[in-house]
Amino acid sequence: MTTLKDIKAGETVKVVKVHGEGALRRRIMDMGITKGVSIYVRKFAPLGDPMELTVRGYELSLRKADARNIEVERSN
């Protein structure tokens, strides 16, 4: 299983599943990260956390702890 946490800057991936329970899962989905959505990993903060993403045409910062709950597949 590949998670968003494992993806490098400059890659585009597609969300397969959002793991987690309750408020955590709801918060991730409220940010627009749902099954089938493409995510472009723009860059990482100087110390590696958080990561900056482009989701549905807007910029989003996400902690790696949250990114490990998002299962993805690489886009071709």
key: Residue list, side chain to side chain donor-acceptor pair (under 3.5 Å) with Arg56, at least two apart or on another chain   = Thr34
query = Can you tell if the side chain of Asn69 reaches within under 4.5 Å of the side chain of Ile28, non-hydrogen atoms only?
reply = yes
ask   = Looking at residues at least two apart in the chain, or sitting in another chain, which of them share a side-chain contact (heavy atoms from CB on, under 4.5 Å) with Arg27?
value = Leu24, Met31, Arg63, Asp66
query = In Å and rounded to the nearest 0.5 Å, what is the CD to CD distance from Glu59 to Glu52?
reply = 5.5 Å
remark   = Contacts of Lys14 meeting side-chain contact (heavy atoms from CB on, under 4.5 Å) (sequence neighbours excluded), chain-then-number -> Glu73, Ser75
inquiry  = Per the salt bridge (Lys or Arg N to Asp or Glu O under 4.0 Å) rule, what does the pair list look like for residues 29-41, sequence neighbours excluded?
reply    = Arg26-Asp30
task = For residues Thr3 and Ala67, report the shortest heavy-atom separation together with the two atoms involved.
result = CB-O, 4.0 Å
key: Salt-bridge present (Glu71, Lys17; N to O < 4.0 Å)   = no
Pairwise side-chain contact, Leu53 with Leu4, heavy-atom cut-off 4.5 Å (strictly under) = yes
query = Are Tyr40 and Val13 grouped together when hydrophobic residues (ILVMFWY) are joined by side-chain heavy atoms under 4.5 angstrom apart?
reply = no
task = Please name all residues satisfying salt bridge (charged side-chain N to carboxylate O under 4.0 Å, His left out) with Glu21, sequence neighbours left out, ordered by chain then number.
result = none
query = Among all residues two or more places apart in sequence or in another chain, which pass the side-chain contact (heavy atoms from CB on, under 4.5 Å) test with Phe44?
reply = Ala9, Val41, Met51, Lys64
key: Contact check, side chains of Ile70 and Ile33, non-hydrogen atoms, under 4.5 Å   = yes
For Thr2, all residues meeting side-chain contact (heavy atoms from CB on, under 4.5 Å), sequence neighbours excluded = Asp6, Ile7, Val72, Arg74
